[in-house]
Amino acid sequence: MSTIKVTREAPIATVQLDRPAVLNALSEELMDELVASLETLDADAEIRCIVLTGNDKAFAAGADIKKSFVDATPVSMLEEDLTTRWERVRKIRKPIIAAVSGYCLGGGCELAMTCDIIVASETAQFGQPEVNLGIIPGAGGTQRLTRAVGKYRAMEIILTGRRVQADEAKAIGLVAQVYPAASWLEDAKALARTIAEKPPIAVRLATEAIDLAQSSTLDAGLEFERKAFYLLFSTEDKKEGVDAFMNKRKAVFKGK
Ligand code: COA
C-alpha cells in the first residue's frame with residue numbers, strides 16, 4: 001500500500017505523506033517512497049517547485065516508534081540507516097516547501113527543516129520530543145534547529161521536548177509564514193506557484209548559496225555567491241528578465 005500521494009499540477013507538484021492512522025509516522029517504507037517520488041519530480045522538467053505536506057492533523061509525528069524503535073539495537077539502526085533518507089531529501093535541487101498543519105514532531109520536524117521553506121497552518125505544533133524516549137534527534141534536529149533559531153532556544157526546545165506553536169515558530173524564525181487553518185494548503189501552493197514563475201537557474205543557485213550560509217564559512221559562501229552571480233549573466237533568463245524590465249512587461253522564464 002502506498003504511503004505517499006503525488007499530485008502533479010505543473011509547474012508545481014504536491015507530495016502528501018499518507019499514513020493518517022499513525023499521524024504520518026515516518027516508517028522506512030514511507031521514507032523510501034518519499035525519496036523516490038521527490039527524485040522523480042526533481043528529474044521532471046515541467047516541475048519547478050514541490051510542496052511537501054501531510055494532512056490537517058499531522059505533517060508527521062516523527063519516526064515510527066512502533067516499527068523502528070521497539071526492538072532496535074545500535075547495529076540494526078546502523079544497518080537500516082534510516083536517517084540517511086533525510087540527506088537524500090536535502091540533495092533535491094528543486095525548491096521544496098514544507099506545508100505543515102498539526103503535529104510536526106521529531107523526525108517530522110527534521111524532515112520539514114530539511115526542506116527549503118517551512119510554512120504552517122495556525123494549528124501547527126513543532127517539537128523535538130525524542131528526549132522523552134531516552135534518545136536525541138537523529139536526523140539533523142540538533143544541527144538544523146540550532147542554525148534556525150540559535151543555541152539557547154534550540155537547547156530549551158530539545159532538552160524539554162516541548163511543543164512550539166505556529167506563531168512562536170514564526171517568531172523564532174523556524175517558519176516563514178503562518179496561514180489560516182481553512183486555507184493553509186492552498187496558500188502554500190500559491191507560494192509554490194509564485195516561486196515556479198521565477199527563473200529556475202537563479203532559484204537553484206540562490207538555494208545553494210543560502211544553504212552554504214548554513215554549512216560553510218562566510219568567505220566560502222561569499223565566493224560561491226559571487227561566482228553564481230557572474231554565471232547567471234550567461235543565461236537566457238537574465239536577458240529575458242532585464243528586457244522585460246526595460247519594456248515594462250511581465251517576464252516569461254524558460255530555465256535556460
Ligand atoms: N510512531 C508510531 N505511531 C505513532 C506515532 C509515532 N511517532 N505517533 C503517533 N502514533 C500513533 C499512535 O500510537 C496511535 O496509534 P493507535 O491508534 O494504534 O494507538 C495513533 O498514531 C494516533 O496517535 P494518538 O497518540 O492516539 O493521538 P493523540 O492526538 O492523542 O496524540 C501525539 C498525538 C503526536 C501527541 C502522540 O501520538 C505522540 O506523542 N506521538 C509520538 C511523538 C514522538 O515522540 N515523536 C518523536 C519520535 S522520535
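Numbering starts at 1 and runs along the sequence shown. Only heavy atoms go into these numbers, but all of them, side chains included; no hydrogens, no water, no symmetry mates. Since we're looking at a predicted model, the values are computed, not measured.
- The existence of a salt bridge linking Lys239 and Glu236 is excluded, since no basic side-chain nitrogen approaches an acidic carboxylate oxygen closer than 4.0 Å.
- At a threshold of 4.0 Å, the pair Arg88-Glu39 counts as salt-bridged, since one of the basic side-chain nitrogens sits closer than that to a carboxylate oxygen.
- A distance-only check finds a donor-acceptor pair linking the side chain of Ser37 to the backbone of Leu34 [under 3.5 Å].
- Side-chain contact between Asp64 and Arg19: present, with at least one pair of heavy atoms (C-beta onward) separated by less than 4.5 Å.
- Between the Glu33 side chain and the Thr3 main chain, a donor and an acceptor come within less than 3.5 Å of each other.
- Annotation for Glu225: atom CD does not count as buried by contact number, only 12 or fewer foreign heavy atoms lying within 6.0 Å.
- You'll find the side chain of Gln214 stays beyond 4.5 Å of the side chain of Gln143, heavy atoms only.
- Heavy atoms from other residues, nucleotides or ligands lying under 6.0 Å from CG of Asp81 number more than 12.
- Residue Asp42 is tested with Arg48, Lys91, Arg93 for a salt bridge (Lys or Arg N to Asp or Glu O under 4.0 Å); the sole match is Arg93.
- Of all non-hydrogen atoms in Thr123 and Ala181, the two that sit nearest each other are CG2-CB, 4.0 Å.
- Other cluster members for Trp184: Val51, Ile97, Ile117, Val119, Tyr179, Leu185, Leu191, Ile195, Val203, joined by side-chain heavy-atom distances under 4.5 Å among Ile, Leu, Val, Met, Phe, Trp and Tyr.
- The backbone N or O of Asp18 sits nowhere less than 3.5 Å from a side-chain atom of Lys5 that would complete a donor-acceptor pair.
- Pairs passing the ring pair (Phe, Tyr, Trp, His ring centres under 6.0 Å) check and including a residue from residues 65-117, sequence neighbours excluded, do not occur.
- Put simply, the side chain of Thr194 gets close to the backbone of Ala190: a donor and an acceptor are under 3.5 Å apart.
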Report the C-alpha separation of Arg90 and Glu87 in whole Å, then their side-chain angles, then the decisive distance to 0.1 Å, and conclude whether the salt bridge (charged side-chain N to carboxylate O under 4.0 Å, His left out) test is met. CA-CA 5 Å; Arg90 186 177 67 82; Glu87 291 311 302; 2.7 Å; yes
